[in-house]
Asker: 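Got a structure here, written out as structure tokens. Questions coming.
Every value quoted in this text rests on a predicted model; they were computed, and no experiment measured them.
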Amino acid sequence: MGIKDDLKKQALNVSGKAMEKLMADDRRAMAIANAIGKAQRGKQALDRGQEELMKALNFAPRSEFKALGKQLSGLKRRLRELDEKLGEL
């Protein structure tokens with residue numbers, strides 16, 4: 001095991017102990033869980049608002065960009081494969 005693995009293991013142990021102490025108090029754990037839930041709901045609302053705004057401005061929404069990005073990656077891979085086959089010929 002190298003130094004990197006040792007440091008990673010120690011960091012995980014320390015963070016685990018810190019989380020145990022942090023979550024030991026039920027009220028504190030509930031407050032943290034509520035805060036995380038609010039942050040997640042806020043992000044979802046922000047994403048929905050952004051999607052609606054993009055549609056209102058006649059721009060493609062983020063989901064379409066992601067789908068196009070996947071298609072483009074597939075096309076690039078296919079182009080490399082074809083280029084290799086042409087190189088062999």
Side-chain angles (χ1 to χ4, degrees):
M1 222 189 252
I3 293 174
K4 180 180 175 183
D5 293 330
D6 288 340
L7 287 174
K8 190 184 294 186
K9 186 176 180 180
Q10 289 176 1
L12 285 172
N13 284 337
V14 169
S15 64
K17 288 178 184 178
M19 286 301 293
E20 284 178 21
K21 287 182 182 180
L22 191 62
M23 296 297 184
D25 181 20
D26 288 338
R27 285 191 300 179
R28 188 181 310 146
M30 285 299 291
I32 291 169
N34 287 335
I36 290 171
K38 286 180 183 179
Q40 289 173 339
R41 287 189 298 277
K43 184 182 180 321
Q44 290 170 352
L46 181 65
D47 289 344
R48 282 192 306 270
Q50 182 183 29
E51 192 93 4
E52 290 173 12
L53 178 62
M54 297 294 276
K55 286 180 182 177
L57 295 173
N58 289 325
F59 290 130
R62 178 184 290 168
S63 58
E64 288 182 24
F65 278 111
K66 285 183 180 181
L68 288 173
K70 288 181 181 180
Q71 286 179 348
L72 182 60
S73 295
L75 289 172
K76 285 180 181 179
R77 185 180 66 252
R78 182 71 178 133
L79 181 61
R80 280 193 301 270
E81 291 170 359
L82 291 173
D83 189 41
E84 288 174 8
K85 285 182 182 180
L86 282 175
E88 292 172 0
L89 296 175

Asker: Please report the interatomic distance CG(Leu79) to CD(Glu84), rounded to the nearest 0.5 Å.
Answerer: 10.5 Å

Asker: Kindly state each residue pair satisfying side-chain hydrogen bond (donor to acceptor under 3.5 Å, both in side chains) with at least one member in residues 24-37, sequence neighbours excluded.
Answerer: none

Asker: Any ion pair linking Glu81 and Arg78 (charged N to carboxylate O, less than 4.0 Å)?
Answerer: yes

Asker: Would Asp5 and Lys9 pass as an ion pair if we require N to O under 4.0 Å?
Answerer: no

Asker: At what distance, to the nearest 0.5 angstrom, does CD of Gln10 lie from CG of Asn13?
Answerer: 8.0 Å

Asker: Please write out which residues are connected to Met19 in a hydrophobic cluster, directly or through intermediates, given that two of Ile, Leu, Val, Met, Phe, Trp, Tyr count as joined at side-chain heavy-atom separations below 4.5 angstrom.
Answerer: Leu22, Met23, Ile32, Ile36

Asker: Starting at CG of Asp83, measure out to CD of Glu88 and round the result to the nearest 0.5 Å.
Answerer: 10.5 Å

Asker: As an exercise, state the distance from CZ of Arg80 to CG of Leu75, rounded to the nearest 0.5 Å.
Answerer: 11.0 Å

Asker: Report the distance from atom CD of Glu64 to atom CD of Gln71, rounding to the nearest 0.5 Å.
Answerer: 10.5 Å

Asker: Between CZ of Arg48 and CG of Leu46, what distance do you get to the nearest 0.5 Å?
Answerer: 10.0 Å

